[in-house]
Amino acid sequence: MTFPFPVERWDCAAAPYAARLAGDPLGRVRVPSGDSVVLAARYADVAAILADPRFSRELFHPEAPRYYPDFDISDAPDAMINMDPPEHTRLRRLTANTFTARRIEVWRPRVRDLVHALLDSIDDEVVDFVQAVAFPLPVRAICDVMGVTEFDWERVRSWSQALISSSGRTVDERIVDALEFAGYIIELIQRHRAEPGDGLLSALIDARDEGDQLTDAELVRIAQGLFVGGHESTSVALSRAALRLLAPPVDYRRLVADPRLIDAAVEEILRVEVPIETAFIRLATEDVDLPSGKIRQGDGVLPCLRSANHDPAVYPDADAFDLDREARPHLAFGRGPHHCLGAGLARMELQEALRVLVTRLPNLSLAEDPDAISWHRDWVHKPTRVLVNLGRRG
């Protein structure tokens, strides 16, 4: 059975996931650039696409599909996300030791202290959780672990939006933003070469493997990716976690009563409230048979992480948020060679944020109607504001 879905503009925020999962798992959609691509909806298909080397991220020829018109992150040939093996394998190997489990545990107390400091700085009882916690925490955390003490986040936030969203800018303006962002990172790298520290940026500058070392262009792109990816997805996950746990606050109260559930809560938040709706477009370099059907050589494929994480074939009662759900791997951080480099850091930040919140703010609650909250609708789907009552005076 095939549902008669038209090839229309893909809207991450309003996608009919259930219908596509049931009847059109490899149907076509039209992305903001106007290009028609295959939307992979089911978990088995998405997992296979992300791990299969026949689906390429090298989209540099004019006929290759783009998510956004004219210019986007896929046009950066020296960005690791846009590379296939063997070049991608080389860069991944050089950066493999930067996010080890041991390093992340060293950073854990520092992140915990950052959450406490953010709460200590809040005087008001009703605040915007996005601006008070969800945005500044990952920003300060990634600066801390990168060893960067001074960072112009307002400019970087603007530049990053030009790369990962439609942003409302012209193509010329977006190219200028990308060049200014690169120039800013080059200055950071030059300062850290002159005065090395113990942060991740200095570690990347020194990263070697049998005499091989990152080039200046590779360093810039990797650092850009870490600063952008290191705050955006975690900020979105924290914002959406607040809504998921507080509307209504039943699950938040469970975490207050039993903080041992926090690790399970983080995994369920990442599954249900996956911060990035879709992975980047892949290009099929040959015909590929997937569990749900065939992809033709030359087809652009958009792997939908959100629908995969809601696939009832993998997760019983998939749309329900269940703190007692049996642990099963989700695809919030992707899979395969492009699995998110900072996944462990993001998990740890979410865990520590929730631990501090449930300990210090057991009466935390929403201060507005969740149905009235406005959302930023793009590749990243996030609430623009979440008003909360800290409950410290009640």
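Values reported hereafter were calculated over all heavy atoms of this structure, with side chains retained and with hydrogens, waters and symmetry mates removed.
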For residues 333-344, which side-chain donor-acceptor pairs fall under 3.5 Å, sequence neighbours excluded?
{"residue": "Arg335", "atom": "NH2", "partner": "Tyr43", "partner atom": "OH", "Å": "3.0"}
{"residue": "His338", "atom": "ND1", "partner": "His88", "partner atom": "NE2", "Å": "3.3"}
{"residue": "His338", "atom": "NE2", "partner": "Met83", "partner atom": "O", "Å": "3.1"}

inquiry  = Show, in sequence, the C-alpha distance, side-chain angles and deciding distance for Ile185 and Ile189, and conclude whether the side chain to side chain contact (heavy atoms under 4.5 Å, CB included) test is met.
reply    = CA-CA 6 Å; Ile185 298 298; Ile189 291 170; 3.9 Å; yes
query = About how many Å separate NE2 of His116 and CG of Leu357, when rounded to the nearest 0.5 Å?
reply = 9.5 Å
query = Hey, mind stepping through Val127 and Leu387 against side chain to side chain contact (heavy atoms under 4.5 Å, CB included) and telling me if it holds?
reply = CA-CA 6 Å; Val127 297; Leu387 288 183; over 6 Å; no
key: Connected hydrophobic set around Leu290, excluding itself, where side chains approach under 4.5 Å   = Leu26, Val38, Ile49, Phe55, Val288, Ile295, Val301
query = Between Arg254 and Asp251, is any pair of side-chain heavy atoms under 4.5 Å apart?
reply = yes
key: Distance in Å, Arg42 CZ paired with Ser292 OG, rounded so as to fall on 0.5 Å steps   = 4.0 Å
ask   = Asp120 versus Arg360: any side-chain heavy-atom pair under 4.5 Å?
value = yes
request  = Please round to the nearest 0.5 Å and tell me the distance separating atom CD1 of Ile205 and atom CD1 of Ile222.
outcome  = 11.5 Å
message = Donor-acceptor pair, distance only, cut-off 3.5 Å: does the side chain of Glu352 make one with the backbone of Arg108?
response = no
message = Could you check whether any side-chain heavy atom of Pro138 comes within less than 4.5 Å of a side-chain heavy atom of Leu238, counting everything from C-beta outward?
response = yes
ask   = Counting distance only, does the side-chain N/O of Asn389 pair as donor-acceptor with the main-chain N or O of Ser365 below 3.5 Å?
value = no
inquiry  = Test: ring-ring contact (aromatic ring centres under 6.0 Å, His included). Region: residues 236-276. Which pairs qualify, not counting sequence neighbours?
reply    = none
query = Do Met80 and Leu50 share a hydrophobic cluster (ILVMFWY, side-chain heavy atoms under 4.5 Å, transitive)?
reply = no
inquiry  = Quick check: do Asp24 and Leu39 have side-chain heavy atoms less than 4.5 Å from each other?
reply    = no
task = State, to 0.1 Å, how close Asp45 and Ala40 come at their nearest heavy-atom pair, and which atoms those are.
result = CB-CB, 4.4 Å
note = Between Ala279 and Leu305, the two heavy atoms sitting closest are N-CG, 3.7 Å
ask   = Roughly how far, to the nearest 0.5 Å, is the CD atom of Glu232 from the CZ atom of Phe227?
value = 15.0 Å
task = Would you check if the side chain of Thr278 reaches a backbone N or O of Leu302 as a donor-acceptor pair within less than 3.5 Å?
result = no
Residues, nucleotides or ligands: over 12 heavy atoms within 6.0 Å of Glu286 CD = yes
query = Is the closest side-chain heavy-atom distance between Cys304 and Tyr17 below 4.5 Å?
reply = yes
key: Arg328 side chain vs Val314 backbone, donor-acceptor pair below 3.5 Å   = yes
query = Sequence neighbours excluded, which residues qualify as side chain to side chain contact (heavy atoms under 4.5 Å, CB included) partners of Val266?
reply = Ile262, Leu270, Leu350, Gln351, Leu354
request  = Answer yes or no: does atom CG of Asp198 have more than 12 heavy-atom neighbours from other residues, nucleotides or ligands under 6.0 Å?
outcome  = no
ask   = Between Glu268 and Leu323, is there a donor-acceptor pair closer than 3.5 Å when you use the side chain of the first and the backbone of the second?
value = no
key: Arg240 side-chain N/O to His381 backbone N/O, donor-acceptor pair under 3.5 Å   = yes
task = Please examine the side chains of Val130 and Thr384, heavy atoms only from C-beta on, and report whether any two atoms are closer than 4.5 Å.
result = no
request  = For Ser233 and Pro275, indicate whether the former's side chain and the latter's backbone hold a donor-acceptor pair under 3.5 Å.
outcome  = no
inquiry  = Under 4.5 Å between side-chain heavy atoms, counting indirect links through other Ile/Leu/Val/Met/Phe/Trp/Tyr residues: same cluster for Val111 and Val139 or not?
reply    = yes
query = Is the shortest side-chain N to carboxylate O distance from Glu218 to Arg221 below 4.0 Å?
reply = no
query = Is any side-chain N of the basic residue among Arg102 and Glu105 closer than 4.0 Å to the acidic one's carboxylate O?
reply = no
request  = For the residue pair Ser33 and Tyr67, establish whether any side-chain heavy-atom pair is separated by less than 4.5 Å.
outcome  = no
query = Side chains of Gln190 and Arg193: donor-acceptor distance under 3.5 Å anywhere?
reply = no
query = Are the side chain of Asp299 and the backbone N or O of Ala284 linked by a donor-acceptor pair below 3.5 Å?
reply = no
query = Nearest heavy-atom pair of Arg20 and Ala41: which atoms, and what distance?
reply = CB-CB, 4.2 Å
key: Set of residues satisfying ring pair (Phe, Tyr, Trp, His ring centres under 6.0 Å) with respect to His310, sequence neighbours excluded   = none
message = Please determine whether side chain to side chain contact (heavy atoms under 4.5 Å, CB included) holds for the pair Asn82 and Leu59, giving the CA-CA distance in whole Å, both sets of side-chain angles, and the decisive distance to 0.1 Å.
response = CA-CA 8 Å; Asn82 297 332; Leu59 310 179; over 6 Å; no
inquiry  = Closer than 4.0 angstrom, basic N to acidic O: yes or no for Asp128 and Arg385?
reply    = no
message = Distance check, rounded to the nearest 0.5 Å: Phe129 atom CZ versus Ile122 atom CD1?
response = 8.5 Å
ask   = So Ser36 and Arg28, side chain to side chain donor-acceptor pair (under 3.5 Å) or not? Walk me through it.
value = CA-CA 6 Å; Ser36 171; Arg28 285 191 168 271; 3.2 Å; yes
request  = Please list, chain by chain and in numerical order, all residues satisfying side chain to side chain contact (heavy atoms under 4.5 Å, CB included) with Arg244, sequence neighbours excluded.
outcome  = Val272, Glu273, Phe321
ask   = With distance as the sole test, does Glu277 use its side chain to make a donor-acceptor pair with the main-chain N or O of Arg306 at under 3.5 Å?
value = no
Side chains of Ile373 and Glu368 in contact at under 4.5 Å (non-hydrogen atoms) = yes
Distance in Å, Tyr184 OH paired with Gln224 CD, rounded so as to fall on 0.5 Å steps = 12.0 Å
ask   = Does any N or O in the side chain of Asp84 come within less than 3.5 Å of the main-chain N or O of Arg57, such that one atom is a donor and the other an acceptor?
value = yes
ask   = Do we get Arg325 above Tyr315's six-membered ring, with its NZ or CZ under 6.0 Å from the centre and within 45° of the axis?
value = no
task = Dump the intermediate steps for side chain to side chain contact (heavy atoms under 4.5 Å, CB included) on Glu267 and Asp263, then the final yes or no.
result = CA-CA 7 Å; Glu267 295 311 306; Asp263 286 3; over 6 Å; no
